[in-house]
Amino acid sequence: MSDHPSAGSNSSVEKPAAEKPQHFIQQIIRKDLEAGKVEKVVTRFPPEPNGYLHIGHAKSICLNFGMAEEFGGVCHLRFDDTNPEKENEEYVNAIKADVQWLGFQWGGPVRYTSDYFQVLYDWALHLIRQGNAYVCDLNPDEAREYRGTLTEPGRNSPYRERSVEENLDRFEKMRRGEFEEGSCVLRAKIDMAAPNMNLRDPVIYRIKKAKHHHTGDTWSIYPSYDFAHGQSDAVEGVTHSICTLEFEDHRPLYEWFLENLPVPAKPRQYEFARLNINYTITSKRKLKQLVDEGHVDAWNDPRMPTISGMRRRGYPPEALRNFCANIGVTRSDSVVDVGMLEYAVRDHLDKNAPRAMCVLRPLKVTLTNYAADRVEEMRAPGHPNRDDFSERVLPFTHTLYIEDEDFREEANKKYKRLVLGKRVRLRNAYVIEADEAIKDESGEIVEIRARIIEDTLGKDPADGVKPKGVIHWVSATHHLNCEVRLYDRLFSDPAPDAGGKNFLQAINPENLKVLENCKAEISLAGAKVGDHYQFERSGYFCLDSKYSTLEKPVFNRTIELRDTWAKIQNQQ
RNA sequence: UGGGGCGUAGCCAAGCGGUAAGGCAGCGGGUUUUGAUCCCGUCAUGCGUAGGUUCGAAUCCUACCGCCCCAGCCA
C-alpha cells in the first residue's frame, strides 16, 4: 500500500505566489482536507514518560501541534505508558510543563495509553477468538532463535496452533498474574517468514508485575507499543499519526491491527526524520546517564539539550519554535548545525531582551578629574532599536569597573578599546583617557587612573580626537554583586554519539566557568526568573532558577553575542 | 545474496518535465555610543554515479554506488 494516499487529482489548485514552501506532511493534510477524506485534523504527541523531553521532541511537538493549529484541528497529549518499569509521574509532570512552556495547549484532557488498557485487553481477546493471536510459552532466548534473522525466515512456535479455548484460558491466567514474568506472552499470528521482522508473530502482551504509575496494580500484563499505538489513535479519532522514520517498518503492523480489530476509525501513520544536531546528543537513555552519573546537575541543567535545560539556560520558547520552523520536515536523515539553533536564540533575544551592563572580570578605574562624592545619573535606552522599552538609570561615579580585557597598555590599531594614553567611550557616558596603569608586586594591573573628557555626553570630544571604541562599565560604588555562569558546549566532538564512540569521553571539560565576582548595573536588581537580558558587548543572560538568591543573584549566560573580534583574533 | 528508507552547496532545505527558492555558516562592503543588530553584495553551468526517454530531465526509466533503520517480552 502506498505511503501517500493517491489523492483525487485536484490539479486546478492555484499556487499562491511567493508562499512559504509546504513540507510533505502539510501537503498530505491539505490534500486530505480538500478531498474530504478528513473533516477535522486530529494529531497527537505521544511521549513515553521515561525521561525528560529534549530538542528532538521539540521538533515533534512543533510538528504535531503545529499541524493541528495550522489546519484548525486539535492535538492530543497522550502518554504512551505501556512499560511501567521505566515510567513515572515525575516525567509526566515535567513533560506537561515543557509542552505548555513551548506555548502549546492540547485538545481535551491529558490522555494515557493506559486509559485504554481495558479496550486493548478486549481486543486481544477478539484476536484470540478470530484465531489471530496465541499464547506462546517460548522463553526470550528461544523466541529469538525461532524468529530467524534478517536473511533467514523464522520458524513457527510450537505453541502457535493452540486452540482458541486454551489461548483464552491461558491469557486469562496471564491477566490474573498466575504466570511468572517471562514465562509466556501473547503473540499475533501473522507470518514467521515475513521479510519484515515486525510481522513475525510480534508480541502484543507481556507479563509485568510492576506497579503502574497510572493504573496501580490493576494489571499484571501490559500491551506492547505495536498493539497499543494504532488502536489508541483510532480510539481518539487521530487522523494523522506522525512518528519518526524508525517506525516505518511498523506501519504494516499498525495497519494489520486496524484491519483485524473492530476499531472505530482508521488513522494513518506518516513518518519524518528525527532531529540530529551536531555537538549534541538526543538520546533519552544517554541523557539519563549524564544525570545519573552526575556529569550534569539534573535533567534541567543549563548544559542539557532538554527542553527544561534550555529553559533554565534562557532559551526562549519562541526561539525553539522558530528553529523548528527553519529546519523543516523531511524524510531524509540529517544533522543540523547547532549554529542554526544558536541563531534562532540570538535572533529572538536581540529583538526582545532589554539591555544592561555587567562587568564579568572587573578592573578598577579611578577618574582623577571626577569628584569623589559626585554622582551623575546617566540615562540609557532599554533597547537600541525599540522605543517601547523603559530607560535605565546608570549612576556614574569617581571609581568604576571596566572589563579586564578591555584595557591594554599598548595595542595595535585593530584593538578598539582602552589603551594607555588613548581614549575610549564609556557606553552611555563620557569619553575617558587612560593616564596610568597601577600594578601590584607581581606586575598584575590592578587599577587604571584615567580622566573623563569634559562635555562628551552624547558628543565627540571638542578637540577632534575621537575615542577608538566603546566599552561597558559599572560604578564601583553603585552596583549589584552577582555570580555569572558561563556555559560552553557540553561536548567538544561534533558527533559525540557517532559510531561506537563513548559519548562520555566527548564531554567538554570546560563546559562551565563560574565567575563569582561580577558587577552588574543596579537595574538588574529587579531581575526575575524568566526575564532575559542582553549584557551589552557580552551576551544574553538570565537568572538561574536553581541557584540564584536575593542575596546572591546568579546569572546564566544563555549565549554569547556574535563575536567577530574573537574571530579576527583566532585567525591571527 | 532479506525487508524498509534516503542521497540538491560546508549545514538545513525548496523543487512535483520548461532550464537550480530561501535560511544558517562563510567571504566582501556600508551604517552604528554594543567588534551586536541592521543593510547591500557574493556564494551549485549543476542536483550520488553512469546510461536512456524527451524539443527540453534535479524531476520519468534502467543499472550501479553510498548512507540510515529493522533480528527487545523497549518505545
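In the text below, chain A, chain B and the rest are named by the order of the sequence lines, each starting its count at 1. Since this is a predicted model, take the numbers as computed values, not measurements.
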**Message:** Counting only side-chain nitrogens and oxygens, does A:Thr151 get under 4.0 Å of the OP1 or OP2 atom of B:U1?
**Reply:** no
**Mate of B:G41 where both pairing distances stay under 3.5 Å, Watson-Crick or G-U** = B:C27
**Item:** Listed nucleotide nearest any side-chain atom of A:Tyr343, set B:G72, B:C6, B:A25
**Value:** B:A25
**Prompt:** When all nucleic acid strands are considered with a 4.0 Å heavy-atom cut-off, which category describes A:Leu138: base, sugar-phosphate, or nothing?
**Reply:** base
**Message:** Checking contacts here: which listed nucleotide (B:A75, B:G5, B:A13) is nearest the side-chain heavy atoms of A:Ser334?
**Reply:** B:A13
**Asked** Distance check: side-chain N/O of A:Arg346 vs OP1/OP2 of B:A36, anything under 4.0 Å?
**Response** no
**Item:** Side chain of A:Ser224 - closest among B:A75, B:A21, B:C11
**Value:** B:A75
**Asked** Do A:Arg187's NZ or CZ and the ring of A:Tyr134 fall within the cation-pi criteria of under 6.0 Å and 45°?
**Response** no
**Complete:** Of B:A13, B:G5, B:C73, the nucleotide closest to the side chain of A:Pro140 is B:C73
**Prompt:** With a 3.5 Å cut-off and just heavy-atom distances, do the side chain of A:Asp249 and the base of B:G3 make a donor-acceptor pair?
**Reply:** yes
**Request:** Side chain of A:Ser332 only, please: which of B:A75, B:C38, B:A13 is the nearest?
**Result:** B:A13
Distances under 3.5 Å only, N/O to N/O: pair up the protein atoms with those of nucleotides 28-35 of chain B.
residue : atom : partner  : partner atom : Å
B:U33   : O3'  : A:Arg427 : NH1          : 3.2
B:U33   : O2'  : A:Arg427 : NH1          : 2.7
B:U33   : O2   : A:Asn428 : N            : 2.9
B:U33   : O4   : A:Arg425 : NH1          : 3.0
B:U33   : O4   : A:Gly458 : N            : 2.7
B:U34   : O5'  : A:Arg427 : NH1          : 3.4
B:U34   : O2   : A:Gln534 : OE1          : 2.8
B:U34   : O2   : A:Arg537 : N            : 2.8
B:U34   : N3   : A:Gln534 : OE1          : 2.4
B:U34   : O4   : A:Arg355 : NH1          : 2.2
B:G35   : OP1  : A:Arg537 : NH1          : 2.9
B:G35   : O3'  : A:Thr564 : OG1          : 3.1
B:G35   : O2'  : A:Thr564 : OG1          : 3.3
B:G35   : O2'  : A:Trp565 : N            : 3.4
B:G35   : N7   : A:Arg417 : NE           : 3.3
B:G35   : N7   : A:Arg417 : NH2          : 3.0
B:G35   : O6   : A:Lys416 : N            : 3.1
B:G35   : O6   : A:Arg417 : NE           : 3.3
B:G35   : N1   : A:Lys414 : O            : 2.8
B:G35   : N2   : A:Lys414 : O            : 3.1

**Nearest-nucleotide comparison on RNA chain B, the residue closer to the 5′ end among A:Gln22 and A:Tyr540** = A:Gln22
